[in-house]
Number of protein chains: 2
Amino acid sequence: MNPNREQELSRRERQIMDVIHSRGQATAAEVLAALPEPPGYSAVRALLRILETKGHLRHHRAGAVYVYTPSSSPESARQSALQRVVTTFFQGSVSQAVAALLTTPEKEISETELNELQNLINQARKEGR
Amino acid sequence: MNPNREQELSRRERQIMDVIHSRGQATAAEVLAALPEPPGYSAVRALLRILETKGHLRHHRAGAVYVYTPSSSPESARQSALQRVVTTFFQGSVSQAVAALLTTPEKEISETELNELQNLINQARKEGR
DNA sequence: GTTCATGTGCTAAAAAATTAGCACCACCTG
DNA sequence: CAGGTGGTGCTAATTTTTTAGCACATGAAC
């Protein structure tokens with residue numbers, strides 16, 4: 001899902017895509033339970049069908065229930081979402097976005113994670129990027 | 001603008017907020033020029049007025065022209081946007097989001113920027129976070 | 001078998017979003 | 001001054017989105 005396609009989404013469509021992305025997959029009931037100001041079950045299903053028609057979602061059957069997953073890969077979705085934020089809010093500067101993340105007050109980063117990030121920075125240096 | 005408020009935005013509203021955030025401020029004509037599949041000028045103005053009524057934007061007059069700016073601070077908007085992506089696509093893991101940014105293929109990070117990020121990681125270590 | 005709970009496909013109505021157009025204003029140029 | 005250009009406020013029509021409800025299907029429990 002590239003940024004242009006996400007911009008096509010209406011309010012509810014986008015809320016639903018966010019729910020499914022955050023869980024990786026979801027049934028209609030799970031989507032319903034996670035939506036702000038939730039409508040009825042049949043409203044959710046109608047929107048899921050629309051999102052599938054538009055190509056954003058697909059479904060498989062698990063028993064009697066449809067389970068919906070994003071059509072694009074998780075990695076692709078992640079990169080697209082990040083790029084949109086970098087472009088929109090950080091004038092395209094990846095380093096500023098990283099810096100903002102590193103200084104975010106909400107989340108502690110463990111020693112192990114800091115080491116991993118350290119390695120990535122070292123790699124970036126080695127690759128001349 | 002916290003994530004819940006952004007979720008209230010309709011398709012066009014969100015496109016417009018993105019334009020204004022990426023520029024820092026914009027006139028109606030600038031918004032119009034930057035929109036995908038642009039409507040007419042008066043349609044853009046009507047939406048800007050709606051966004052102002054909802055509290056997302058404010059305007060000041062520059063000569064004869066209205067210039068619209070986000071109601072929330074740039075820093076606040078950045079953090080909100082990042083948090084949404086971290087929560088939705090990275091299960092709340094800041095370090096994974098940072099790692100994804102560091103491995104993004106699109107953008108080169110300069111030596112100076114790498115040093116700055118290095119410093120931020122060092123600070124995170126010193127502060128025990 | 002029946003009943004109940006929960007699922008689906010589909011549709012149309014209701015609500016919201018989007019759009020364009022009118023009337024008017026401000027400013028600049030000839 | 002008049003005309004042209006570009007701005008605004010406002011409204012209503014049009015389009016899109018959202019919603020709920022009907023009919024039917026499925027599976028489990030009795």
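Keep in mind that what you see is a predicted model, and the values were worked out from it rather than measured. Quick note on labels: first sequence line is chain A, next is B, and so on, each numbered from 1.
Checked for salt-bridge contact, A/Arg45 and A/Glu52 miss the test: no charged N lies under 4.0 Å from a carboxylate O.
Place B/Arg49 and A/Pro38 on DNA chain D by their nearest nucleotides, and B/Arg49 ends up nearer the 5' end. Judged by closest nucleotide on DNA chain C, A/Val65 is the one of B/Ala64 and A/Val65 placed further toward the 5' end.
When the side-chain nitrogen and oxygen atoms of A/Tyr41 are compared with OP1 and OP2 of D/dA20, none of them lie within a distance under 4.0 Å.
Note that the CG atom of B/Leu117 and the CD atom of A/Gln118 stand 10.5 Å from one another [nearest 0.5 Å]. One finds the NE2 atom of B/His56 at 9.5 Å from the OG atom of B/Ser72 (value rounded to the nearest 0.5 Å).
The interatomic distance linking A/Leu48 (CG) with D/dT18 (P) rounds to 12 Å, in whole Å. In this entry the distance linking CD of A/Gln7 with P of D/dT16 reads 18 Å, nearest Å. Atom pair A/Leu47:CG and C/dA12:C1' shows a separation of 15 Å (rounding to whole Å applied). When rounded to the nearest whole Å, the span between CZ of A/Arg12 and P of C/dA15 equals 15 Å. For the pair A/Arg61 CZ and D/dG27 C1', the computed distance is 11 Å after rounding to whole Å. In this structure, CG of B/Leu32 is placed 11 Å from P of C/dT19, rounded to the nearest angstrom. Residue B/Tyr68 contributes atom OH, which lies 11 Å from atom P of D/dG7 at whole-angstrom precision. Going from atom CZ of B/Arg14 over to atom C1' of C/dT18 covers 17 Å, rounded to whole Å.
Both B/Tyr41 and B/Val19 sit in one connected hydrophobic cluster of ILVMFWY residues. Membership requires side-chain heavy atoms under 4.5 Å apart, directly or through other members.
Closest to the side chain of B/Arg11, out of C/dT19, C/dT11, D/dT18, is C/dT19.
In this structure, the side chain of A/Glu13 engages the main chain of A/Ser10 through a donor-acceptor pair within 3.5 Å.
Within 3.5 Å, a donor on the side chain of B/Ser42 pairs with an acceptor on the base of C/dA20, or the reverse. At a cut-off of 3.5 angstrom, counting only N and O atoms as typed in the model, there is no donor on one side facing an acceptor on the other between the side-chain of B/Arg45 and the base of D/dG7.
Contact annotation for A/Tyr66: backbone-only contact, meaning every heavy-atom pair under 4.0 Å involves sugar-phosphate atoms and none involves a base.
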